[in-house]
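Below, chains carry the letters A, B, ... as their sequence lines are ordered, and counting in each starts from 1.
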Number of protein chains: 2
Amino acid sequence: MASEKRKLLSPEREQLILRALNKGICRIEQLSSELGVSEATVRRDLVSLEEQTKVRRVHGGAIIAQSPKTEPIFAEKASINPGEKNLIAEAALELIHDSDTIYLDGGSTVQALSKMLVRRKNLTVITNSLMAAAELMESGHRLILVGGEFRAISRTLIGPLTANIISALHIDKAFMGTIGFNPDYGMSTTDPNEAYTKELIIKRSNVVIVLADSSKIGVSSFALSGGIADIDILVTDSGISQKTIEKLKKNKIEVIITQQENS
Amino acid sequence: MASEKRKLLSPEREQLILRALNKGICRIEQLSSELGVSEATVRRDLVSLEEQTKVRRVHGGAIIAQSPKTEPIFAEKASINPGEKNLIAEAALELIHDSDTIYLDGGSTVQALSKMLVRRKNLTVITNSLMAAAELMESGHRLILVGGEFRAISRTLIGPLTANIISALHIDKAFMGTIGFNPDYGMSTTDPNEAYTKELIIKRSNVVIVLADSSKIGVSSFALSGGIADIDILVTDSGISQKTIEKLKKNKIEVIITQQENS
DNA sequence: AGAAATTTGCAAGAATTTGTTCAAAAATTT
DNA sequence: AAATTTTTGAACAAATTCTTGCAAATTTCT
């Protein structure tokens, strides 16, 4: 779609290459013609990107590396730090009361919360997460899926189509997962379509609650998915720094910190 | 028959092999023809995948290493006579070509069809069935869920909210399951909301294909979910009566009858 | 503008990958 | 248990892709 005649500088090309690679694997020849440079140049860019561990080079092309900017696949992610995630989910559960209308976002922490919802009654649960939906199928709660395009890596429904249903709903409390949480800018995630859906939800919610363990804090990913001003409550663990807490409180964000686990 | 336009890079092949293996396609020869590469190359890929402990090689093919990863997301209820349903699904699969945009309804026969879609490439699959969605999660096809209220008994999304997304879509071929199929009145089902969603889909589809084994024919349920005039093709088994076939042909419905099984 | 530094494109040699062939190994049948 | 068929592993050739050195072009700095 972009055949620019103007010469591109290497940082610009690398950005374009990364964007192309986000859609999957790309071969050298294709990148060369899309960017209008020789294959040798593409190779050099890829070498540079590989040194930054952003890309994995393979014979004939390259694919995005599973770096901190990319999500681990769902199965792995769930097992990284289950104890911490469950503590955060427990704290979040305290915010949910019988007969609430809540939204559950994707992500393993929110997934942990969904497992606990049997302890509440008569909820209306709206979600874009197929994992959460599977969990709640037999729960007896009213369950609404937002619909939209399926994103395999996060097992969520995302993209413009989600707007059709989300705009018809009203949500009391939205429980959001995230890839990165930056106390200055807000939440970020890897996929612009996923970010888009998150922003839609935030607009339709009375209270926005972010569930993020402290390893997410300070991390920035590709696409901004909700600014600091949109967030009402952050639930996290004790790994968060005092400085960050102060900064968030200045932005009127309530910070809930789980108790330290005794090991 | 297979669409082999460009060369695939080894990571792409490995991805496809993993997908195929998840579906039970496990012989070297099958993988070789699916991917359009020689058997030696498939073997080399399998060796690589085995080194990553993603696959276990056996004489004649390979099997996936971690089975309890993707399978138990949505529990599957054992079907009553899977043989007949699979035959119907096989016949329906012949109506689907690479790059089609299709809709998959709920029901076990349509579910059987969804399992076979790995044999097609680059489909856009729209569905309201969580079972079908679970099946297609790793398939590589584009997958769109319609969203809406979840009905536990059928594991489908139904009701007025589904209209928001369905009305934004256009469908080539809709594969519909049903509870009852009456040659005079059409399809019927037990839940009015489910019937409502079925009718929406039928309105947005070029070709409406009903998958119903002969035990459904003549049965009428509570809520009408699609008149005879809306139906283009019926795929069923040889239990259908000649009289019914005549009646349907008068209504311009093509009847596809599966071959009798030899046991 | 001119010079220095960096980047880009090209091409030859090196390295990978892929398909084919064939003997050894494994499974199946007689 | 022997014979037949099938599958596997290894070696080799052909084709593609990668690396590297070098000249031309572009950008940057003074």
Visitor: Under 4.0 Å, heavy atoms only, any strand: does V42(A) hit a base, just the sugar-phosphate, or nothing?
Guide: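 If one applies the 4.0 Å heavy-atom cut-off, V42(A) turns out to touch nothing in the nucleic acid.
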
Visitor: What is the distance, rounded to the nearest whole Å, between atom CZ of R13(A) and atom P of dT8(C)?
Guide: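 For the pair R13(A) CZ and dT8(C) P, the rounded distance is 4 Å.
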
Visitor: Tell me the interatomic distance from E39(A), atom CD, to dC18(D), atom C1', rounded to whole angstroms.
Guide: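 Whole-Å distance recorded here is 10 Å.
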
Visitor: Can you tell me the distance, in whole Å, between the CG atom of L31(B) and the P atom of dT8(D)?
Guide: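 Distance, rounded to whole Å: 11 Å.
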
Visitor: Assign each of A40(A) and A40(B) to its nearest nucleotide of DNA chain D by heavy atoms, then name whichever residue's nucleotide is nearer the 5' end.
Guide: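 By nearest-heavy-atom nucleotide position, the 5'-most residue is A40(B).
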
Visitor: Could you check whether any side-chain N or O of S188(A) sits under 3.5 Å from a backbone N or O of S221(A), counting only pairs where one atom can act as donor and the other as acceptor?
Guide: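 Between the backbone of S221(A) and the side chain of S188(A) there is a qualifying donor-acceptor contact (under 3.5 Å).
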
Visitor: Distance check needed: dT6(D) C1' versus E29(B) CD, whole Å only.
Guide: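 It is 11 Å, rounded to the nearest whole Å.
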
Visitor: Find the distance E12(B):CD to dT17(C):C1' and express it as a whole number of Å.
Guide: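 Roughly 15 Å, once rounded to whole Å.
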
Visitor: Please determine whether the number of non-hydrogen atoms from other residues, nucleotides or ligands lying under 6.0 Å from atom CD of Q52(A) exceeds 12.
Guide: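 Yes, because the 6.0 Å sphere around CD of Q52(A) holds more than 12 heavy atoms from other groups.
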
Visitor: Answer with base, sugar-phosphate or nothing: what part of the nucleic acid does V47(A) contact at a heavy-atom distance below 4.0 Å?
Guide: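 Here V47(A) touches no strand at all.
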
Visitor: More than 12 heavy atoms of other residues, nucleotides or ligands under 6.0 Å from NZ of K249(A): is that the case?
Guide: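 No, because the 6.0 Å sphere around NZ of K249(A) holds 12 heavy atoms or fewer from other groups.
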
Visitor: Evaluate whether atom CD of E29(B) has more than 12 neighbouring non-hydrogen atoms of other residues, nucleotides or ligands under 6.0 angstrom away.
Guide: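 For E29(B), atom CD is not crowded (no more than 12 foreign heavy atoms under 6.0 Å).
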
Visitor: Within this structure, what is the CD1-to-P distance between I28(A) and dT19(D), rounded to whole angstrom?
Guide: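 Checked: the CD1 to P distance equals 9 Å.
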
Visitor: Please tell me if R44(A) has a side-chain N or O lying less than 4.0 Å from either OP1 or OP2 of dT20(D).
Guide: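 No, R44(A) has no side-chain N/O under 4.0 Å of OP1/OP2 on dT20(D).
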
Visitor: So, is T41(B) near the phosphate of dT18(C), with a side-chain N or O under 4.0 Å from OP1 or OP2?
Guide: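 The answer is no; no side-chain N or O of T41(B) sits under 4.0 Å from OP1 or OP2.
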
Visitor: In this structure, how many angstroms lie between the P atom of dA26(C) and the CZ atom of R57(B), rounded?
Guide: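 After rounding, the reported distance stands at 13 Å.
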
Visitor: Between L46(B) (CG) and dT8(D) (P), how many Å, whole number?
Guide: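 From L46(B) CG to dT8(D) P: 9 Å.
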
Visitor: When you get a sec, tell me which of dC10(C), dG19(C), dT7(D) is the closest nucleotide to the side chain of R43(B)?
Guide: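 Of the options given, the side chain of R43(B) lies nearest dT7(D).
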
Visitor: If you check every side-chain atom of H59(B), which of dG19(C), dA26(C), dG9(C) has the closest atom?
Guide: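 Taking heavy atoms from C-beta onward, the closest nucleotide is dA26(C).
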
Visitor: Looking at every heavy atom in both S32(B) and S38(B), which two are closest together, and how far apart are they?
Guide: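 Looking at all heavy atoms of both residues, the shortest contact is OG-C, 3.8 Å.
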
